[in-house]
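Okay, structure first, notes after.
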2 protein chains.
Amino acid sequence: MLRLSKLTDYAVVVLTTMARTDGALHTAASLTERTGLPAPTVQKLLKLLARGDILASHRGATGGYTLARPPCGITVAQIIEAIDGPIALTDCVDGQTGSCGVESLCARRGSWDKVNRAVRRALDDVTLADMAAPPLFFDAPAPERGTALAG
Amino acid sequence: MLRLSKLTDYAVVVLTTMARTDGALHTAASLTERTGLPAPTVQKLLKLLARGDILASHRGATGGYTLARPPCGITVAQIIEAIDGPIALTDCVDGQTGSCGVESLCARRGSWDKVNRAVRRALDDVTLADMAAPPLFFDAPAPERGTALAG
DNA sequence: CTTAAACGGTACCAGATTGGTCCGGATTGA
DNA sequence: TCAATCCGGACCAATCTGGTACCGTTTAAG
C-alpha cells in the first residue's frame with residue numbers, strides 16, 4: 001500500500017475548491033455542495049484542517065473558513081500531517097526503543113529514518129497550488145523515458 | 001499516517017539479516033531464530049518476497065532462500081511492492097474513472113500522480129545495502145553510498 | 001436581549017483491512 | 001521410501017478507518 005487515507009484525498013478536493021477563490025470565506029455547507037462529498041465528512045475535514053493551521057476558522061454567524069496561507073504556501077506534507085498525523089513510515093520513530101517487542105527489529109530503526117526523510121522531502125515539494133493547477137492531459141508526449149511503473 | 005505495513009518493516013529485518021551473509025542459503029527456520037520474529041510470519045514474508053523476485057527459493061530437502069540480487073540491487077520500493085502491493089498513494093490510480101463515486105474528486109486525480117512519482121523516486125533511491133549499513137550516529141558525517149557489502 | 005447560524009469537541013458504530021495462524025500438497029535430496 | 005523444505009490457500013481475531021451524531025460555544029443580526 002503505502003496508501004494515505006481517503007480522508008486526506010478528500011481534503012485535497014476541498015482545499016483545491018477553496019484555492020480557486022483564494023481568500024474567500026467558505027462555510028461547511030457551501031463546500032459540501034460544491035464538492036459533492038457527504039456533509040459530516042466535510043465538517044470533520046474542516047475541523048482537522050483548522051487544527052492543523054491550514055485553514056483559519058471564523059466562528060459565529062456569518063462565520064466560515066479561509067485558507068490560512070496562499071495555496072503556494074501550503075504543502076502536501078502539511079495536509080497529510082493535519083489529517084493523518086505525523087508522517088512516519090514505521091511505527092516507532094527513530095530514537096525510541098521498547099515500543100516494539102522484537103529487539104533485533106529496533107536495531108535497524110535508524111535505517112528507515114533515511115527513507116522517511118526522502119519521502120518527507122518529496123511531499124514538501126508539492127504545494128496546494130500545484131495540486132490546483134490544470135489537470136493536464138496524460139496522453140501528451142511523455143518527456144520521460146523511464147519505466148514509470150504503474151504508480 | 002502514510003504508514004507502510006508492519007509486515008514490510010519485518011521484511012527489511014529479515015532481508016538485512018540475509019544480506020549480512022550475502023549469497024548464503026537460509027531456511028525459514030534459521031531466519032526465524034535469528035530475527036526472533038514469529039515463525040509463521042517469517043514464512044509468509046519469505047513467500048511474498050520470493051514471489052516478488054527479491055528472493056530466490058530452492059525447494060526440497062536442503063532447500064531455502066537466497067537473495068535474488070546483491071543487496072545494492074534491491075530497492076526499498078521493490079520490497080514495499082512485494083509485501084504491500086503497488087505503491088499508490090490514492091485509491092484510483094491516474095487514468096481510471098468511475099471507481100470513486102464522487103465526480104469532482106476524480107478531476108483532481110492527476111495531481112496526485114506528481115506526488116506519487118516523487119515518493120516513488122525517493123523509495124527507489126534507497127537500497128537494501130543502505131538499510132543493512134551500520135546504524136551510524138546521526139550527527140556523524142555520512143559516508144558515501146555503495147558499500148563493500150554488495151561486492 | 002433573543003435568536004439563529006456557524007464552528008468545536010467528543011463519543012460512537014459498522015465495515016474493511018491487517019496481522020497472525022494453520023493445514024494440506026508439491027518438490028527434492030538423502 | 002523418508003524427511004525436510006517450500007507453496008498455496010483458507011481462516012480468524014484485532015485493529016483501524018470512514019462515517020455519523022450529539023451537544024456546547026461563539027458571534028452577527030434583528
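This is a predicted model, so every value here is computed, not measured. Lettering follows sequence order; numbering is per chain, from 1.
- Regarding contacts with the backbone of dT5(D), every side-chain N or O of S57(B) stays at 4.0 angstrom or more from both OP1 and OP2.
- Nucleotides of DNA chain C nearest to P40(B) and G63(A) differ in position, and the one nearer the 5' end is that of G63(A).
- If you take CG of L7(A) and P of dT20(D), they are 11 Å apart, rounded to a whole angstrom.
- Using a 4.0 Å heavy-atom distance criterion, A29(B) is classed as making no nucleic acid contact.
- Using a 4.5 Å cut-off on side-chain heavy atoms (C-beta onward), V126(A) and T75(A) make no contact.
- Contact annotation: Y65(A) side-chain N/O to dG8(C) OP1/OP2 distance is under 4.0 Å.
- Residue I79(A) is tested with D9(A), L48(A), L123(A), I74(A) for a side chain to side chain contact (heavy atoms under 4.5 Å, CB included); the sole match is I74(A).
- Taking atom NE2 of H58(B) as the reference point, atom C1' of dG29(C) lies 14 Å away to the nearest angstrom.
- Nearest nucleotide to the K44(A) side chain, out of dT20(D), dT18(C), dG20(C): dT20(D).
- Between A61(A) and T41(A), the residue whose closest nucleotide on DNA chain D is further toward the 5' end is T41(A).
- Here the C1' atom of nucleotide dC6(D) and the CG atom of L49(B) are 14 Å apart, to the nearest Å.
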Check against side-chain contact (heavy atoms from CB on, under 4.5 Å), T21(A) and H26(A): CA-CA 9 Å; T21(A) 58; H26(A) 301 267; 2.9 Å; yes
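- Whole-Å rounding puts the R51(A) CZ to dG8(C) P distance at 9 Å.
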Go through the steps to decide whether W112(A) and V12(B) satisfy the test side-chain contact (heavy atoms from CB on, under 4.5 Å), and finish with yes or no. CA-CA 9 Å; W112(A) 278 114; V12(B) 171; 3.3 Å; yes
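- Each of T62(A) and K47(B) was matched to the nucleotide of DNA chain C holding its nearest heavy atom; the match closer to the 5' end belongs to T62(A).
- Spacing between atom CG of L48(B) and atom C1' of dG8(D) amounts to 11 Å, rounded to whole angstrom units.
- Counting heavy atoms from C-beta on, the side chains of L55(A) and M18(A) come closer than 4.5 Å.
- For dT5(D), the base has no donor-acceptor partner in the side chain of R59(B) [N/O atoms by modelled type, under 3.5 angstrom].
- For the pair L46(A) CG and dG8(C) C1', the computed distance is 12 Å after rounding to whole Å.
- As a whole-Å value, the separation of L55(B) CG from dT5(D) P is 17 Å.
- Paired runs in DNA chain D that reach 3 or more consecutive Watson-Crick or G-U pairs, where each pair keeps both distances under 3.5 Å, cover C:1-30 with D:1-30.
- Counting heavy atoms from C-beta outward, L37(B) and L31(B) have side chains that stay 4.5 Å or more apart.
- Looking at L45(B), L15(B), I83(B) one by one, the single match for side chain to side chain contact (heavy atoms under 4.5 Å, CB included) with Y10(B) turns out to be L45(B).
- Regarding D84(A), its CG atom lies at a distance of 8 Å from the P atom of dT17(D), rounded to whole Å.
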